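Predicted, not measured: the structure shown is a model, and the values here were computed from it.
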Amino acid sequence: MDHVIVIGAGQAGSSCVAKLRNGGFEGKVTLIGAETAPPYQRPPLSKAYLMGDMSLERLYLRPESFYAEHDIDLRLGVEVSAIDTAAQTVTAGDDVLRYSDLVLATGSVPNRLPAGIGGALDGVFVVRDLGDVDAMSPRFVKGARVLIVGGGYIGLEAASVAAKLGLEVVLVEMADRILQRVAAPETSDFFRALHSSHGVDIREGVGLDRLTGKSAVDGAILSDGTRLDVDFVIVGVGIAPGSALAEAAGVVLDNGIATDAQGCTSVPNVWAAGDCASFPYRGERIRLESVPNAIDQAECVAQNIMGAGGDYVARPWFWSDQYDVKLQIAGLNTGYDRVITRDGGAAKSFWYYKGDTLLAVDAANDPRGYMIGKRLIEAGKTADPALVADASSDLKALLK
């Protein structure tokens, strides 16, 4: 009997099993997750859930009853310790399960501070799963002093929640500017000004030397010698693909678990999707850390398990919520050589070009700019920079 086992009960894993059942797959389906909660949304963890504006049940991707109703064996709180690709078995807890197809949806793991500089002290947190946020949320009280290490989107989102709740926030970024890895200086400038206007103390070009405290963190020494008193620390210094299980099983890695265009790994009948997987994209190999990619790639894998034989075509888009600003990003800005700013006052967007080619758009409270930019990029079209720069122009003309 066909048996599809999916390891990782996150967005990709949940999307894969749902697509299998909705697509008419009649074999056995097992979804294994290390956490005890049913599959849930991760983006709201550092936003609405941390803020207290979203309940636990609203985080769930689907009602827990969905899995039983669709004959999906959902195994929660179970660690997978080994994969035997020759025998086609998975060791999950005390059970050894045989699969006909295996999907690795093992997500990503947060980078942590070394224990040698205080990373293991009580009161030092990362923002990755429900347990992380539940552990730190009681500390979000007015007047508390929080140090945020890392000026990427996770760090900035946590800073916005902390500032809104009245905490004293210092954010350090060792690079020259916040968002340096993912955005242009124009976008960095926009968000620096936004956070500064809410009282966040952003220090760029400054790293963390070490944290202080005996068992719990009580302070920090920065790379410029500054000493800070802190009540807790949030670390947002990136994530790495969750590929350890695949590597131990002999699956080829390349910036995560390497897959072909259809989502299959180097081992027959073993597939991968989501944050853990890299795939061919426009002559390169990339890995996308986003909800849309996790859903679309996992659904493509499910269809290919059922024999569709289709290639995954990524349409990258992302978002971030900070204060009253919704940032929507379309495309990938890799290789850009200029940025055109469209300043509509409350709505502002930054358009990335390489030569005459439109690569990406960062749209802050500009849903129209985002949607039009996204449609152009996905259609392989560009946009007249002069028209983009003129905030009084009608962007719809670009679609003609």
(message) Using ring centroids (six-membered ring only for Trp), state whether Tyr40 and Tyr49 fall under 6.0 Å.
(response) no

(request) Please determine if Arg21 and Asp71 form a salt bridge, counting it only when a charged side-chain N lies under 4.0 Å from a carboxylate O. (result) yes

(request) Look at Asp95 together with Arg75 and state whether they make a salt bridge at an N to O cut-off of under 4.0 Å. (result) yes

(request) May I ask you to say whether Arg287 pairs ionically with Glu289, meaning some side-chain N is under 4.0 Å from a carboxylate O? (result) yes

(request) Verify whether one side chain among Gln322 and Ser320 offers a donor that lies under 3.5 Å from an acceptor in the other. (result) yes

(request) Using a 4.5 Å cut-off on heavy atoms from C-beta on, say whether the side chain of Gln88 contacts that of Leu102. (result) no

(request) Could you check Lys47, Lys164, Lys326 and say which one makes a salt bridge (charged side-chain N to carboxylate O under 4.0 Å, His left out) with Asp321? (result) Lys326

(request) May I ask you to say whether Asp218 pairs ionically with Arg227, meaning some side-chain N is under 4.0 Å from a carboxylate O? (result) no

(request) Can you establish whether the number of heavy atoms outside Arg338 located under 6.0 Å from its atom CZ is more than 12? (result) yes

(request) Kindly determine whether Thr36 and Leu130 satisfy side chain to side chain contact (heavy atoms under 4.5 Å, CB included), including the steps that lead there. (result) CA-CA 10 Å; Thr36 55; Leu130 189 59; over 6 Å; no

(message) Students often mix this up, so state it plainly: with edges at 30° and 60°, are the rings of Tyr153 and Phe191 parallel, tilted or perpendicular?
(response) perpendicular

(message) I'd like to know if the side chain of Asp362 pairs up with that of Thr187 as donor and acceptor (distance under 3.5 Å, no hydrogens or angles considered).
(response) yes

(request) Say whether, by atom type as modelled, one donor and one acceptor occur between the side chain of Glu204 and the main chain of Ile178 under 3.5 angstrom. (result) yes

(message) Within the 3.5 Å criterion, strictly below it, is a donor on Ser349 or Arg342 matched to an acceptor on the partner's side chain?
(response) no

(request) Check whether the side chains of Asp224 and Thr226 place a donor and an acceptor atom closer than 3.5 Å, and report yes or no. (result) yes

(message) A side-chain contact here means heavy atoms from C-beta on lying under 4.5 Å apart; do Asp201 and Val169 qualify?
(response) no

(message) Is the ring pair Phe279/Tyr281 parallel, tilted or perpendicular, if the boundaries are 30 and 60 degrees?
(response) perpendicular

(request) For Met174, look at atom CE and say whether over 12 heavy atoms of other residues, nucleotides or ligands are found less than 6.0 Å away. (result) no

(request) Run the salt-bridge test on Asp337 and Lys354 with the 4.0 Å N-O cut-off and return the result as yes or no. (result) no

(message) So does Phe232 get a backbone contact from the side chain of Arg139, meaning a donor-acceptor N/O pair under 3.5 Å?
(response) no

(request) Determine whether Leu167 and Phe140 make a side-chain contact, defined as any pair of heavy atoms from C-beta on separated by less than 4.5 Å. (result) yes

(message) Any carboxylate oxygen within less than 4.0 angstrom of a Lys/Arg side-chain nitrogen, looking at Glu378 and Lys374?
(response) yes

(request) Using only heavy-atom distances, determine whether the side chains of His195 and Ser160 contain a donor-acceptor pair under 3.5 Å. (result) no

(request) Report yes or no: does Gln297 contribute a side-chain atom to a donor-acceptor pair with the main-chain N or O of Gly274 at less than 3.5 Å? (result) yes

